> 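Once you've had a glance at the structure underneath, I'll fire off some questions.
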Amino acid sequence: MVSATRYWETYREVWRLNVLTVMEYKANFFIWFLFTIVYHGVALAAIWVILTQFPSLNGWARTDVFFLYALWMVGHTLNNSLFFMVGDVPDAVQEGRFDRMLVRPLDSLFQIIAQPGQNFPDDTIVSIIVFGVAATLVHLQWTPLVALLVVMTILAAAVIDGAVQLVVATLSFWVIRLDALRWVVMSLENDFTRFPLTMYNRAVRIILGYVFPFAFMNYFPATVLLHKTADAAQFNPALGWLAPVVAAIWGAASLTFWRFGLNRYQGTGS
């Protein structure tokens with residue numbers, strides 16, 4: 001059985017190779033870094049334009065919505081830095097590449113996560129800067145309790161994001177092509193988490209809060225951080241503190257589902 005030390009050494013070596021690979025092609029690195037800034041800049045600009053027409057969304061001002069997006073952005077990009085390659089599982093299954101991982105000594109999920117590539121936490125760096133600006137604009141009062149909630153939310157958001165991706169990826173053991181489902185889940189997260197949950201109808205609120213718990217990545221914690229008492233009439237404020245619990249449940253459930261699917265995986269014949 002491979003020790004935890006061996007896993008850590010392997011993961012550290014993969015990240016060293018990732019950094020060296022990215023920095024080897026400096027022009028490509030800076031172009032990609034610029035694209036990251038432009039991508040999130042366009043999303044923020046779209047929010048800003050919408051809120052120019054509607055200065056307040058159910059009591060959420062322009063800066064509040066900016067903070068909402070920035071909080072989601074940090075957790076989401078942290079997930080991308082750590083677990084981005086989980087989304088490669090359906091393609092690996094379809095192309096037959098996944099079968100190779102089953103005969104290697106390291107855990108298959110670890111191999112997926114630790115695949116060498118051109119992964120670099122550039123978007124996480126950008127998101128931290130954006131969050132710092134957003135926190136300043138909303139005059140976030142930094143107390144030990146607030147700092148704890150922010151850190152717990154970011155870490156929990158990364159786990160929730162990764163867990164949902166892992167559930168979708170595991171389905172590829174039975175349904176080889178999952179492009180449509182992956183697109184739907186990605187759209188739910190990227191598009192609907194940009195605005196307060198209270199502006200959506202009941203069905204969307206249930207989906208984002210309790211089916212795919214993306215609201216725990218930013219909305220519920222933000223209602224506590226920004227003291228949104230009006231929203232508390234529709235949602236219990238305690239939900240803002242439950243992101244780590246939801247992350248633990250989803251993380252454990254997704255890993256259990258992964259092992260269940262792995263035990264029944266029979267290959268694609270590729």
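Computed from a predicted model, the values in this text were never measured in an experiment.
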> Counting distance only, does the side-chain N/O of K228 pair as donor-acceptor with the main-chain N or O of F220 below 3.5 Å?
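No, because the side chain of K228 does not come within donor-acceptor range (under 3.5 Å) of the backbone of F220.
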> With hydrophobic residues grouped by side-chain heavy-atom distances under 4.5 Å, do V151 and L140 end up in a single group?
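Yes, because V151 and L140 connect within a single hydrophobic cluster, where side-chain heavy atoms sit under 4.5 Å apart.
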> Starting from V185, can I reach V211 by hopping between I/L/V/M/F/W/Y residues whose side chains sit under 4.5 Å apart?
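Same cluster.
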> How about L225 and V146: do any of their side-chain heavy atoms sit closer than 4.5 Å?
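Yes. Closest side-chain heavy atoms under 4.5 Å.
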> Can you see which heavy atom on G240 is nearest to which on L149, and at what distance?
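Here G240 and L149 meet closest at O-CD1, 3.4 Å.
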> Atom CG of L255 and atom CG of L109: how far apart are they, to the nearest 0.5 Å?
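The CG atom of L109 is 6.5 Å from CG of L255, to the nearest 0.5 Å.
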> Could you walk me through whether N218 and T153 pass the side chain to side chain contact (heavy atoms under 4.5 Å, CB included) check?
CA-CA 7 Å; N218 64 341; T153 298; 5.9 Å; no
> Between D88 and R97, does at least one N-O distance fall below 4.0 Å, as a salt bridge requires?
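Salt bridge: yes.
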> If I take atom CD1 from residue I154 and atom OG from residue S127, how far apart are they, to the nearest 0.5 angstrom?
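Result: 8.0 Å between the selected atoms.
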> How long is the gap from CZ on R16 to OH on Y11, to the nearest 0.5 Å?
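Nearest 0.5 Å value for the CZ-OH distance: 15.5 Å.
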> Between L262 and S108, which heavy-atom pair has the shortest distance, and what is it?
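L262 and S108 have their closest heavy atoms at CD2-OG, 3.5 Å.
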> Quick one, N190 and W72 - any side-chain contact, counting heavy atoms below 4.5 Å?
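A side-chain contact exists here, since the closest heavy-atom pair is under 4.5 Å.
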> So that I know where these two stand, are F98 and F173 an aromatic pair - ring centroids less than 6.0 Å apart?
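Aromatic pair counts; centres sit under 6.0 Å.
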> Which value, rounded to the nearest 0.5 Å, describes the distance between L197 atom CG and F192 atom CZ?
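If we round to the nearest 0.5 Å, L197:CG and F192:CZ are 10.5 Å apart.
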> Do F66 and V130 have side chains that approach each other closer than 4.5 Å (heavy atoms only, starting at C-beta)?
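Sidechains of V130 and F66: in contact.
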> Short question: side chain of Y219, backbone of T193 - any donor-acceptor pair under 3.5 Å?
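No, the answer is negative, given that no donor and acceptor are paired below the 3.5 Å cut-off.
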> Closest approach of P221 and L71, non-hydrogen atoms and distance?
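Shortest heavy-atom separation between P221 and L71 comes out as CB-CD2, 4.4 Å.
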> Given Q165, which of V167, D161, V168 fulfils the side chain to side chain contact (heavy atoms under 4.5 Å, CB included) condition?
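Single side chain to side chain contact (heavy atoms under 4.5 Å, CB included) partner of Q165 among V167, D161, V168: D161.
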> About how many Å separate CG of L78 and CG of L155, when rounded to the nearest 0.5 Å?
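The CG atom of L78 is 6.5 Å from CG of L155, to the nearest 0.5 Å.
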> Can you list every salt bridge (charged side-chain N to carboxylate O under 4.0 Å, His left out) pair that touches residues 39-51, not counting sequence neighbours?
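Counting only pairs at least two positions apart or across chains, no salt bridge (charged side-chain N to carboxylate O under 4.0 Å, His left out) contact touches residues 39-51.
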> So do M152 and W241 actually touch side chain to side chain, heavy atoms under 4.5 Å?
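The answer is yes; the side chains approach within 4.5 Å.
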> For the residue pair T124 and S81, what are the closest heavy atoms and their distance?
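What the structure gives for the nearest pair is OG1-OG, 2.8 Å.
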> Which heavy-atom pair separates L68 from P196 by the least distance, and what is that distance?
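Answer, listing the atom of L68 first, then P196: CD2-N, 3.6 Å.
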> Might you work through the side chain to side chain contact (heavy atoms under 4.5 Å, CB included) test for H76 and M73, ending with a clear yes or no?
CA-CA 5 Å; H76 175 68; M73 184 179 170; 5.8 Å; no
> Just wondering, are more than 12 heavy atoms of other shown residues or ligands nearer than 6.0 Å to CH2 in W142?
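Yes, because the 6.0 Å sphere around CH2 of W142 holds more than 12 heavy atoms from other groups.
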> Salt bridge check, R6 against E9: does any charged N sit closer than 4.0 Å to a carboxylate O?
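No.
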> Go through Y69 and F195 one step at a time and tell me if the side chain to side chain contact (heavy atoms under 4.5 Å, CB included) criterion holds.
CA-CA 8 Å; Y69 180 85; F195 300 102; over 6 Å; no
> With side chains defined as the heavy atoms from C-beta onward, is the minimum distance between I113 and L82 less than 4.5 Å?
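I113 vs L82: side chains apart.
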> Is there side-chain contact between P90 and R182, with at least one heavy-atom pair below 4.5 Å?
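Heavy-atom side-chain distance check passes, below 4.5 Å.
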> Quick check: does any side chain N or O of N80 sit under 3.5 Å from a backbone N or O of T77, one acting as donor and the other as acceptor?
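Between the backbone of T77 and the side chain of N80 there is no qualifying donor-acceptor contact (under 3.5 Å).
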> Does a side-chain heavy-atom distance below 4.5 Å link R194 with V65?
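Heavy-atom side-chain distance check fails, nothing below 4.5 Å.
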> Would I129 end up clustered with V38 when hydrophobic side chains under 4.5 Å apart are linked, directly or stepwise?
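Different hydrophobic clusters.
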> Please confirm whether the ring centroid of F67 lies under 6.0 Å from the ring centroid of F131.
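Ring-ring flag for F67/F131: true, centres closer than 6.0 Å.
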> Okay, side chain of N263, backbone of R259: is any donor-acceptor separation there less than 3.5 Å?
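Side chain of N263 to backbone of R259: a pair is present.
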> Might you work through the side-chain hydrogen bond (donor to acceptor under 3.5 Å, both in side chains) test for D107 and Y7, ending with a clear yes or no?
CA-CA 9 Å; D107 179 76; Y7 276 109; 5.2 Å; no
> Is the distance between the ring centroids of W250 and F214 less than 6.0 Å?
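Between W250 and F214, the centre distance exceeds or equals 6.0 Å.
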> Tell me the closest heavy-atom pair linking L239 and F216, and the distance in Å.
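In this case the closest contact between L239 and F216 is O-CE2, 3.6 Å.
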> Side chains of D99 and Y265: do they bring a donor and an acceptor to under 3.5 Å?
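D99 vs Y265: donor-acceptor pair found between side chains.
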> Check whether any side-chain heavy atom of Q111 lies under 4.5 Å from a side-chain heavy atom of R100, and answer yes or no.
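No, side chains not in contact.
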> Report whether L137 and V74 are members of the same hydrophobic cluster (ILVMFWY, side-chain heavy atoms less than 4.5 Å apart, transitive linking).
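They do share one cluster, since a chain of ILVMFWY contacts under 4.5 Å joins L137 to V74.
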> Do any N or O atoms from the side chain of Q141 and from the backbone of H139 form a donor-acceptor pair under 3.5 angstrom?
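Yes, Q141 side chain to H139 backbone: donor-acceptor pair under 3.5 Å.
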> Look up atom CE in M85 and atom CG in D91, then write down how far apart they are to the nearest 0.5 Å.
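So the CE of M85 and the CG of D91 are separated by 9.0 Å.
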> Using the ring-ring contact (aromatic ring centres under 6.0 Å, His included) rule, take W174 and F257 through it: C-alpha gap first, then chi angles, then the decisive distance, then the call.
CA-CA 12 Å; W174 293 278; F257 185 49; 5.7 Å; yes
> Cluster question for you: counting only ILVMFWY and a side-chain heavy-atom cut-off of under 4.5 Å, with indirect links fine, are V86 and V159 together?
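Different clusters.
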